[in-house]
Amino acid sequence: MEKKKFLYEGKAKKIYDTDDVNLCIIEYKNSLTAFNALKKDSIEGKGELNNLISSSLFELLSEKGIPTHFVKRVDNIHQIVKKVSIVPIEVVVRNITTGSLCKRLGVEEGKVLPRPLVELYLKDDALGDPLITEDHALLFGWSTEEQLLKIKEIALKVNSVLSEYFTGLRIILVDFKLEFGVDAEGRLLLADEVSPDTCRFWDRDTKNRLDKDRFRKDLGDVLGAYQEIWRRISSSNEDGAR
Ligand code: TMP
Ligand code: ASP
């Protein structure tokens, strides 16, 4: 399957049409951005690692019964996905307090939450992706009530599947962001990517940051952290751990 018409370019990916009206090709870019693209860089090999990591995690999530847009990885930087119309809401699930949660509410960093916290953000770069409530989403038509219920249910299931999986890799899944889309048949699917760009991963033993916080906070060796995540995922794939 080949790339046809260019459709859209985001901060970390490009999307193309294919011969099949229901499928798209995603190309993973090396660019890295933070703080709504105020900080930018490009790291050779980052796109490939995110493609490998996200493909593997979407396969795991599909095996666990989560409906996703993922069809298959084509090569190092491309994957085929079902064409969806993206719900303009970014869903963040948090297990441990950090990041914008601590900044916004002044709560202590590094606390394990009694249960996962689900937050909704409006996907709007011009507004800086503001935190919204369910009522905002419903009253302004950004999602339906049925979609919101499913989104929360899937987000929590993704959290339990991935938390258990990463525990086996000696990694703590601190928090992550998901996006959802609706396909041609009206089905709600998990979309976008699940990678060190969109998750916070802490090494269980050293608490080393193995994700994009290395770039956000200038901690150094961003690529090494992404490689370490892929090293642990690929060795668990070889062990047949999943
Ligand atoms: P936050 O603490 O900055 O709100 O981030 C929460 C999680 O969401 C974290 O795992 C990083 C991820 N995230 C994205 O994937 N994209 C974004 O634009 C932001 C702000 C966060
Ligand atoms: N993805 C967002 C940006 O570019 C923010 C982030 O992940 O921190 O700018």
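Since the model is a prediction, treat every value here as computed from it, not as a measurement. Whatever order the structure lists them in is the order used to number ligands and atoms, beginning at 1.
In this structure, atom 12 (C) of ligand 1 is in close contact with the protein, since a protein heavy atom lies within 4.0 Å of it. Protein heavy atoms are found less than 4.0 angstrom from atom 6 (C) of ligand 1.
No more than 12 heavy atoms of other residues, nucleotides or ligands lie within 6.0 Å of NZ in Lys103, so this atom counts as exposed by the packing criterion.
Here the heavy atom of the protein found nearest to atom 8 (O) of ligand 1 is Lys177 CB, 3.4 Å. The protein heavy atom nearest to atom 9 (C) of ligand 1 is Asp175 OD1, 3.1 Å. Given atom 1 (P) of ligand 1, the protein heavy atom at minimum distance is Ser100 OG, 3.4 Å. Protein heavy atom in closest approach to atom 3 (O) of ligand 1: Arg200 NH2, 3.6 Å.
If you look at Asp197 next to ligand 1, the close heavy atoms, those under 4.0 Å, all belong to the backbone. Using a 4.0 Å cut-off between heavy atoms, Thr198 contacts ligand 1 through both its backbone and its side chain. Contact annotation for Glu193 and ligand 1: no heavy atom of the residue comes within less than 4.0 Å of the ligand.
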Result block: side-chain N/O donor-acceptor pairs under 3.5 angstrom for residues 139-152, not counting sequence neighbours:
{"from": "Thr144", "atom 1": "OG1", "to": "Gln147", "atom 2": "N", "distance (Å)": "3.0"}
{"from": "Gln147", "atom 1": "OE1", "to": "Thr144", "atom 2": "N", "distance (Å)": "3.0"}
{"from": "Lys152", "atom 1": "NZ", "to": "Glu134", "atom 2": "OE2", "distance (Å)": "2.7"}

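Contacts classified as ring-ring contact (aromatic ring centres under 6.0 Å, His included) and involving residues 29-88 (residues at least two apart or in different chains) are given here: Phe58-His69.
The contact shell of ligand 2, taken as protein residues with any non-hydrogen atom closer than 4.0 angstrom, comprises Lys11, Thr33, Ala34, Phe35, Asn36, Ala37, Lys212, Arg216.
Remark: distances from the non-hydrogen atoms of Arg94 to ligand 1 include one below 4.0 Å.
With Thr198 contributing its side chain and Ser195 its backbone, the two residues share a donor-acceptor pair below 3.5 Å.
Residues satisfying the salt bridge (Lys or Arg N to Asp or Glu O under 4.0 Å) test with Asp213, not counting sequence neighbours, are Arg200, Arg216.
Taking only non-hydrogen atoms, the option from Glu179, Glu90, Arg216 nearest to atom 18 (O) of ligand 1 is Glu90.
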